[in-house]
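Structure record follows, encoded as structure tokens.
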Amino acid sequence: MPIAGREVPVSKQDKVLFPQAGLTKRDLADHIEHVAEVMLPHMRDRPLTLQRFPDGIDADGFVQKQASEHFPDWLDTVDVPLRDGGSQRAVLGSSEAALTYLVDQATIEFHIWPSTVAALDCPDLLVIDIDPPESSAPIGEIRSVARRLQDLFGELGLLAYLQATGGRGFHVLAPLDRSADFEAVRRLAGDIADALVADDPNRLTTEFRKENRGDRIFLDVNRNGYGQTFIAPYSVRARPGGSCAMPLDWSELAGAWPNGWDMRRAHRRLAQKTDPWQRLHDERLACSPGEAERRLAALRE
DNA sequence: GCGCTAC
DNA sequence: GTAGCGCAACGCTCA
DNA sequence: TGAGCG
């Protein structure tokens with residue numbers, strides 16, 4: 001794969017990693033080539049968690065946070081303090097070459113922190129994961145939850161952004177001004193989720209344990225934690241069709257499916273549409289978690 | 001996917 | 001040379 | 001303290 005500034009070889013390009021769809025490592029490398037320009041701004045300063053599947057998605061893959069000893073020197077890493085006092089060298093996806101190298105290592109899913117190296121302890125993103133049960137839920141209900149989150153975010157002064165996860169649900173996120181730590185942001189996210197659950201307790205839940213969720217849609221706020229991650233925009237998912245996480249405009253929600261974009265459809269889309277998250281990191285649009293929490297409290301009186 | 005060890 | 005093996009996660013919540 | 005969860 002010829003990449004501006006650096007030549008990154010991709011081995012075994014014909015290796016089939018998605019048996020059902022017949023997709024190969026070459027398809028993954030091509031995907032990176034197509035999406036790198038819009039993907040990199042959302043990744044470059046965030047520690048990565050990799051999900052690698054050297055023998056394809058039907059075999060056991062593994063999760064990787066610590067950069068391997070054999071990873072090349074030119075791959076950017078960041079020293080991440082661990083809770084037990086130790087630390088870990090985490091990989092950064094700071095260039096197309098880096099992403100291509102990681103694809104060569106059979107990385108299929110790229111997961112990112114909701115904070116950046118500028119302030120690992122203070123998230124610049126709030127993330128709420130709308131996670132339907134494995135039995136799934138009517139698409140209309142799932143979309144309606146996303147819409148309700150958008151409305152509530154708006155009332156709290158939070159800018160709402162939407163992503164189809166490539167799995168069963170959607171992410172709704174908001175840019176933050178880094179004025180609060182994870183504890184405060186997780187509390188805000190929890191309060192937002194609780195407010196929605198209170199209005200629709202038969203369809204929504206924040207129950208931690210799967211067995212207690214029943215067939216309700218799980219509002220997962222646990223991504224708002226130190227060292228926690230969510231699926232990077234434009235990342236492929238380790239699913240039979242090779243679906244992608246896809247940032248969406250809110251106007252697209254009415255016809256959107258969580259796993260509605262495979263690699264080919266993603267490439268066609270990017271050829272004719274700019275990144276809906278283009279302004280996500282415009283600091284002038286970042287919101288204050290403290291202010292949002294105050295507005296939510298006022299709303300509940 | 002890689003690297004080390006044992007044959 | 002190569003087959004086999006070990007390794008590649010963490011933080012949080014609830015019981 | 002540890003299993004479950006993502």
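Only heavy atoms go into these numbers, but all of them, side chains included; no hydrogens, no water, no symmetry mates. Chain identifiers are assigned alphabetically (A, B, ...) following the order of the sequence lines, protein sequences preceding nucleic acid strands; residue numbering begins at 1 within each chain.
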Just the table, please: protein N/O against nucleotides 2-4 of chain D N/O, every pair under 3.5 Å.
none

Q: Keeping to residues at least two apart or across chains, list the ring pair (Phe, Tyr, Trp, His ring centres under 6.0 Å) pairs with something in residues 103-148 of chain A.
A: Trp113(A)-Tyr226(A)

Q.
Just verifying a value: how many Å separate Gln163(A) CD and Asp129(A) CG, rounded to the nearest 0.5 Å?
A. 10.0 Å

**Q.** Lys65(A) side chain to Gln88(A) backbone, donor-acceptor under 3.5 Å
**A.** no

Q.
Check whether Arg213(A) reaches the backbone of Thr205(A) with its side chain - one donor and one acceptor, N or O, closer than 3.5 Å.
A. no

Q. Less than 4.5 Å apart, any side-chain heavy atom of Ser11(A) and any of Asp104(A)?
A. yes

**Q.** Pairwise P distance, dA8(C) and dC4(B) [rounded to whole Å]
**A.** 15 Å

Q: Go through the steps to decide whether Thr107(A) and Leu48(A) satisfy the test side chain to side chain contact (heavy atoms under 4.5 Å, CB included), and finish with yes or no.
A: CA-CA 11 Å; Thr107(A) 302; Leu48(A) 288 176; over 6 Å; no

Q: Answer whether the closest heavy-atom distance between the side chains of Leu23(A) and Val236(A) falls below 4.5 Å.
A: no

Q: Report yes or no: do Val80(A) and Leu50(A) belong to one cluster of Ile/Leu/Val/Met/Phe/Trp/Tyr joined by side chain heavy-atom distances under 4.5 Å?
A: no

Q.
Looking at every heavy atom in both Ala189(A) and Val221(A), which two are closest together, and how far apart are they?
A. O-CG1, 3.4 Å

Q: Check for a donor-acceptor pair, side chain of Arg143(A) on one end and backbone N or O of Leu253(A) on the other, with a separation under 3.5 Å.
A: yes

Q) When you measure from every atom of DNA chain B, which of residues 105-117 of chain A have a heavy atom less than 4.0 Å away? A) Gln105(A), Ala106(A)

Q | Stepwise side chain to side chain contact (heavy atoms under 4.5 Å, CB included) check, Trp250(A) with Val172(A) | A | CA-CA 10 Å; Trp250(A) 283 99; Val172(A) 177; 4.0 Å; yes

Q | Value in whole Å for how far the C1' atom of dC5(D) lies from CZ of Phe218(A) | A | 8 Å

Q. How would you list, by chain and number, every residue that makes a side chain to side chain donor-acceptor pair (under 3.5 Å) with Arg268(A), sequence neighbours excluded?
A. none

Q: Specify the residue among Gly227(A) and Asn212(A) whose closest nucleotide of DNA chain C lies further upstream toward the 5′ end.
A: Gly227(A)

Q. Judged by atom type as modelled, is there a donor-acceptor pair below 3.5 Å linking the side chain of His267(A) to the main-chain atoms of Met263(A)?
A. yes

Q) What's the verdict on side chain to side chain contact (heavy atoms under 4.5 Å, CB included) for Phe18(A) and Ile108(A), showing C-alpha distance, side-chain angles and the deciding distance? A) CA-CA 10 Å; Phe18(A) 299 81; Ile108(A) 292 184; 3.8 Å; yes

Q. Going by heavy atoms closer than 4.0 Å, what residues in residues 184-202 of chain A are next to DNA chain C?
A. Arg186(A)

Q: Establish whether Phe53(A) and Tyr234(A) are linked, either directly or via other cluster members, by ILVMFWY side-chain heavy-atom contacts under 4.5 Å.
A: yes

Q) Hey, where on DNA chain B does chain A first and last touch, going 5' to 3'? Cut-off is any atom under 4.0 Å from a heavy atom. A) dG1(B) to dG3(B)

Q | For DNA chain B, the residues among residues 79-93 of chain A that have a non-hydrogen atom under 4.0 Å from it | A | none

(Q) I'd like to know if Glu141(A) and Arg203(A) make a salt bridge, using a cut-off of under 4.0 Å between side-chain N and carboxylate O. (A) yes

Q) Residues in side-chain contact (heavy atoms from CB on, under 4.5 Å) with Ala256(A), at least two apart? A) Phe170(A), Leu248(A), Trp261(A)

**Q.** Strand contacts (DNA chain C) in residues 44-75 of chain A, 4.0 angstrom heavy-atom criterion
**A.** Phe62(A), Val63(A), Gln64(A), Lys65(A), Gln66(A)

**Q.** Residues which pass ring-ring contact (aromatic ring centres under 6.0 Å, His included) with His281(A), listed by chain and number, not counting sequence neighbours
**A.** His42(A)

Q | Reported CG-to-CG distance for the pair Leu285(A) and Leu158(A), which is rounded to 0.5 angstrom | A | 12.5 Å

Q: For dG6(D) and dC7(C), measure between their P atoms and round to the nearest Å.
A: 26 Å

Q.
Checking Asp275(A) against Leu280(A) for the side chain to side chain contact (heavy atoms under 4.5 Å, CB included) test, could you report, in this order, the C-alpha distance in whole Å, the side-chain angles of both residues, the deciding distance, and whether it holds?
A. CA-CA 10 Å; Asp275(A) 177 20; Leu280(A) 178 59; over 6 Å; no

Q: Taking Ser243(A) for its side chain and Gly166(A) for its backbone only, find out whether a donor-acceptor pair lies under 3.5 Å.
A: yes

Q) Earliest and latest nucleotide of DNA chain C, 5' to 3', sitting under 4.0 Å from a non-hydrogen atom of chain A? A) dA8(C) to dA15(C)

(Q) One pair to check against side-chain hydrogen bond (donor to acceptor under 3.5 Å, both in side chains): Arg46(A) and Thr229(A). What are the steps and the verdict? (A) CA-CA 10 Å; Arg46(A) 301 174 193 280; Thr229(A) 60; over 6 Å; no

Q) Expressed as a whole number of Å, how far does the C1' atom of dC2(B) sit from that of dC10(C)? A) 23 Å

Q.
Among residues 230-240 of chain A, which ones have heavy-atom contacts with DNA chain C below 4.0 Å?
A. none

Q.
Could you see if Leu125(A) belongs to whatever hydrophobic cluster contains Leu40(A)? Use Ile, Leu, Val, Met, Phe, Trp, Tyr and a side-chain cutoff under 4.5 Å.
A. yes

